[in-house]
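Note that ligands are numbered from 1 as they come in the structure, with each ligand's atoms numbered from 1 the same way.
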Amino acid sequence: MSTEAVERLNELRAEALACTACRLSEGRTQVVFGDGDPEADVVFVGEAPGQREDEQGVPFVGRSGQLLDQLLGEVGLERKDVYIANVVKCRPPKNRDPRPDEIEACKRYLSEQLQRINPKVVVTLGNFSSKLLLKTETGITRVRGTAYEWWGRHLVPTFHPAAALRGSAQVLEDMRYDFGLIRDAVDGNLGGESDDTEVGDPVKPDVDPEQLGLFGR
Ligand code: URA
């Protein structure tokens with residue numbers, strides 16, 4: 001891991017730790033900036049920190065995090081190999097959904113994280129990150145199951161682990177399929193002439209690079 005990569009993220013982390021751009025800063029115990037390898041091939045993007053994350057300052061340390069670790073393990077990945085962040089970096093009160101103005105105020109951190117890490121694959125967990133990064137109103141049930149070509153890399157939307165914990169066995173099965181896509185995308189086994197796996201495009205990723213500041217490799 002290069003020291004420059006660590007420093008690039010640490011500068012941004014320092015800004016986030018002092019952030020008061022929205023009301024969520026008032027109720028937080030800790031800013032949950034993100035965790036993992038600053039040069040990871042895969043970045044996972046969740047929704048918002050919960051209680052355990054707010055206490056520890058680390059994303060996905062609760063039950064959802066345990067399931068995430070399990071699914072990673074099933075495709076031969078470990079948490080230390082990936083980077084994990086959220087759409088908003090501070091816990092919403094009583095775990096309510098993040099509000100549009102909070103997402104707006106926070107999204108520059110996610111945008112900068114993605115640019116500084118520059119991963120091969122971005123995985124959006126649940127509706128909030130999927131809708132933000134694919135810039136669509138279409139829900140996760142319809143957009144998942146496909147790896148999208150997205151700014152010179154792949155984006156794989158899947159359910160939030162919390163949906164699998166409270167939902168049916170089908171949700172978990174669908175997540176396992178999507179994690180297989182993540183593995184294929186990391187290994188370069190999606191699309192391309194030597195492979196007829198389709199890289200679908202049912203929802204046109206309509207991200208304005210000026211707005212999110214995301215550019216291809
Ligand atoms: N759920 C999220 O979306 N993010 C976390 O960090 C923990 C739970």
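- The shortest N/O to N/O separation between Phe60 and ligand 1 falls below 3.5 Å.
- Contacts of Glu47 with ligand 1, taken as heavy-atom pairs under 4.0 Å, involve both backbone and side chain.
- Between the side chains of Thr124 and Ser129, no donor-acceptor pair is found at a separation under 3.5 Å.
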Step-by-step side-chain hydrogen bond (donor to acceptor under 3.5 Å, both in side chains) determination, Asn189 to Arg183: CA-CA 8 Å; Asn189 286 337; Arg183 181 76 254 177; over 6 Å; no

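- Minimum heavy-atom separation, Leu133 to Val122: CD1-CG1, 3.9 Å.
- Look at Gly62 and you'll find every heavy atom at least 4.0 Å from all atoms of ligand 1.
- Shown here for Val88 and Ala48, the closest heavy-atom pair between the two residues is CG2-CB, 3.4 Å.
- The nearest protein atom to atom 2 (C) of ligand 1, hydrogens excluded, is given as Ala48 O, 3.1 Å; this is a heavy-atom distance.
- Comparing Arg63, Gln56, Glu53, Lys89 by heavy-atom distance to atom 7 (C) of ligand 1, the nearest is Glu53.
- The ligand atoms of ligand 1 that sit less than 4.0 angstrom from a heavy atom of Gly46 are 3 (O).
- Annotation for ligand 1: atoms under 4.0 Å from non-hydrogen atoms of Pro59 are 6 (O).
- Using a 4.0 Å cut-off between heavy atoms, Ala162 makes no contact with ligand 1 at all.
- Close placement of the Phe60 and His160 rings is indicated, their centers lying within 6.0 Å of each other.
- Taking the charged nitrogens against the carboxylate oxygens, Glu104 and Lys107 do have a contact shorter than 4.0 Å, which makes a salt bridge.
- Scanning all protein heavy atoms for the shortest distance to atom 1 (N) of ligand 1 gives His160 NE2, 3.2 Å.
- Ranking protein heavy atoms by distance to atom 4 (N) of ligand 1, first place goes to Asn86 OD1, 2.8 Å.
- Environment of CZ in Arg23: crowded, with over 12 heavy atoms of neighbouring residues, nucleotides or ligands closer than 6.0 Å.
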